[in-house]
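Reviewing the structure listed below.
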Amino acid sequence: MKFQPVGALAIDSFSMRVPVQDVTVISNKLQTELLHVWKSTGEVEKEVYVNDLTEVRKGVKLTCKLTHLQATGFGMPEAFFTIGIHSKLLCADYLKGMCVDDMQRLYDAVMSFEIITMPYDVFCAARVTDVDVKQDFIAPRDMVKERMYYLEESFKKSKTKKAGSQAHYDSKTKIYTGHSFNDRKMTAYIKHPYMKVYDKTIDMLQNHNDFLRFHTGGHVPEKLWRQEFTLKGKKHMAMFEIDSTVQGILSADQLKLSTAGRKVMRSLFESLKVEKLKKDIAPRDMADMRFIWLLLNKTAMKLSDVIDMVTVDMDKSNKAKYKARFEALQHCDAATVEKDMWRQKIDDFLNFGGSGQNLPYEGREK
């Protein structure tokens, strides 16, 4: 089974914020005065307001939070309502991600929670941060795991920042579920951006049962994986000519999203070069080894297919002789050749282009 992309690059989630003066609170649960009372004496300890509210409807969650941000070092902080927007608001179309065609649906979905209300144009112009861009693909677990561990070898480690790579395993079954690179809260988002690859099938089955029951009939695609990277804020998005508003991020085309993804990959990983073979290998053998490696890597052929192809015009005795020679070469310094195959795949990953199709997981069938 080979790597198979599913759909294109798309927006999976983001955080939007709206000035409080542009919003009307309609939920009696938000900004409600609460009293902390000592149960034993009935004494009122303090009065607080509920400024963080999460509602769940048929497995779809919406969180609205009152936050205060200070644009400069002077003056009073401005008050905003921050809302978490995610593709589950699209219900049955969840897996395809969000785009500009979904703006009215997303607005209607947010309003249906009846926490706050705002005009449609205010929703479209709201500022966004922490944008997750996703690419789904189908692949066998061993293929993803192998490539991720090779990719980890080229990860750029930071000496001063809280950054690192981590392999993830299911706590119960102990099976591999993906890799993450850097911390999602990383402030040095240009040099140390956040990216992860994870088993989307397991994620949906373990964490979204109610959502699946209401919106997909419990159906989950098999062997579904997701690659996801994060665009942090206005400056980060401006690097790729993406406007940091709801309409701007949802209108970003494939070229802009893939350019952003390529920049993230280059910030995360070094390009690995082909290693030299041992010096005691004869030049002719070295050339033949590289020739075999190139065919195996580029054509998805097996060694036996390569031998049959290059010896097709030979008589039986010469064919047997060359078969033995090629098989021997395959095992001569094989570790270096195998590493070189994966290095080329990683280099392809670092250079994936506008179509979003040239990701690091394509390879020979297993």
Side-chain angles (χ1 to χ4, degrees), residues 8-17 63 65 67 82-88 95 97-98 127-137 144-145 147-169 176-200 202-204 207 224-244 246 248-250 252 254 256-271 346 349-352 356 359-361:
L9 289 162
I11 308 303
D12 179 60
S13 65
F14 56 85
S15 179
M16 60 171 280
R17 66 174 184 262
T63 297
K65 181 186 300 184
T67 56
T82 301
I83 307 169
I85 305 297
H86 50 84
S87 54
K88 290 188 187 66
L95 284 176
M98 299 179 288
R127 289 292 172 186
V128 302
T129 58
D130 293 312
V131 179
D132 285 341
V133 183
K134 65 94 176 178
Q135 168 72 63
D136 290 343
F137 60 95
V144 178
K145 180 179 179 180
R147 283 151 178 76
M148 285 297 101
Y149 272 102
Y150 274 102
L151 185 62
E152 192 175 40
E153 289 186 3
S154 66
F155 176 63
K156 295 178 182 178
K157 297 178 177 62
S158 170
K159 295 181 180 179
T160 58
K161 302 291 182 181
K162 183 184 177 183
S165 61
Q166 184 176 1
H168 300 281
Y169 290 81
Y176 174 79
T177 58
H179 259 76
S180 60
F181 300 90
N182 284 331
D183 189 334
R184 184 178 178 81
K185 298 179 181 179
M186 177 70 69
T187 56
Y189 53 82
I190 295 178
K191 289 186 177 180
H192 304 287
Y194 176 73
M195 191 274 282
K196 65 178 178 178
V197 171
Y198 64 101
D199 188 320
K200 190 61 183 172
I202 288 181
D203 173 67
M204 293 173 72
N207 303 318
L224 182 67
W225 292 78
R226 174 167 290 186
Q227 178 197 2
E228 209 167 83
F229 64 88
T230 301
L231 301 177
K232 289 297 293 182
K234 182 178 180 180
K235 290 182 179 179
H236 201 185
M237 287 173 251
M239 293 172 60
F240 315 108
E241 300 181 351
I242 298 174
D243 184 34
S244 58
V246 172
I249 193 64
L250 293 178
Q254 288 296 295
K256 290 181 179 179
L257 294 179
S258 62
T259 300
R262 185 165 60 249
K263 173 63 177 177
V264 168
M265 296 303 106
R266 290 180 180 273
S267 298
L268 284 171
F269 307 106
E270 300 281 359
S271 180
I346 298 307
F349 181 24
L350 297 173
N351 291 284
F352 79 91
L359 292 168
Y361 313 104

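The figures that follow rest on heavy atoms only: side chains count, while hydrogens, waters and symmetry mates do not.
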Using a 6.0 Å cut-off, check whether atom NZ of K65 has over 12 heavy atoms from anything other than its own residue.
no

Passing candidate, side-chain contact (heavy atoms from CB on, under 4.5 Å) with D12, options M98, R226, K88
R226

Determine, step by step, whether F14 and V246 satisfy the side-chain contact (heavy atoms from CB on, under 4.5 Å) criterion, reporting the C-alpha distance in whole Å, the side-chain angles of both residues, the deciding distance to 0.1 Å, and the verdict.
CA-CA 9 Å; F14 56 85; V246 172; 3.9 Å; yes

Please report whether the ring centroid of Y189 lies less than 6.0 Å from that of Y194.
no

Kindly compute the distance separating [atom1] ([X]) from [atom2] ([Y]), expressed to the nearest 0.5 Å.
X: T177; Y: W225; atom1: OG1; atom2: CH2; value: 6.5 Å
X: L151; Y: M265; atom1: CG; atom2: CE; value: 8.0 Å
X: T230; Y: D132; atom1: OG1; atom2: CG; value: 4.0 Å
X: R127; Y: T82; atom1: CZ; atom2: OG1; value: 14.0 Å
X: L9; Y: T259; atom1: CG; atom2: OG1; value: 10.0 Å
X: N182; Y: F229; atom1: CG; atom2: CZ; value: 14.5 Å

Are the side chain of [X] and the backbone N or O of [Y] linked by a donor-acceptor pair below 3.5 Å?
X: K156; Y: R266; result: yes
X: K256; Y: E241; result: yes
X: S267; Y: I190; result: yes

Using the side-chain contact (heavy atoms from CB on, under 4.5 Å) rule, take M237 and I249 through it: C-alpha gap first, then chi angles, then the decisive distance, then the call.
CA-CA 9 Å; M237 287 173 251; I249 193 64; 4.0 Å; yes

Distance-only donor-acceptor check, side chains [X] and [Y], under 3.5 Å:
X: Y198; Y: Q227; value: no
X: S15; Y: D130; value: no
X: H168; Y: S180; value: yes

Aromatic ring pairing H179/Y149, orientation class (parallel under 30°, perpendicular over 60°, tilted between):
perpendicular

So F240 and L257, side-chain contact (heavy atoms from CB on, under 4.5 Å) or not? Walk me through it.
CA-CA 8 Å; F240 315 108; L257 294 179; over 6 Å; no

Please report the shortest heavy-atom distance between H86 and G84, naming the atom on each side.
CD2-O, 3.8 Å

Testing the basics here: between D203 and K200, what is the closest heavy-atom pair and its distance to 0.1 Å?
OD2-NZ, 3.0 Å

Mind running side-chain contact (heavy atoms from CB on, under 4.5 Å) on D199 and Y176 for me, showing each step along the way?
CA-CA 8 Å; D199 188 320; Y176 174 79; over 6 Å; no

Are any of the side-chain heavy atoms of F181 and V197 separated by less than 4.5 Å?
no

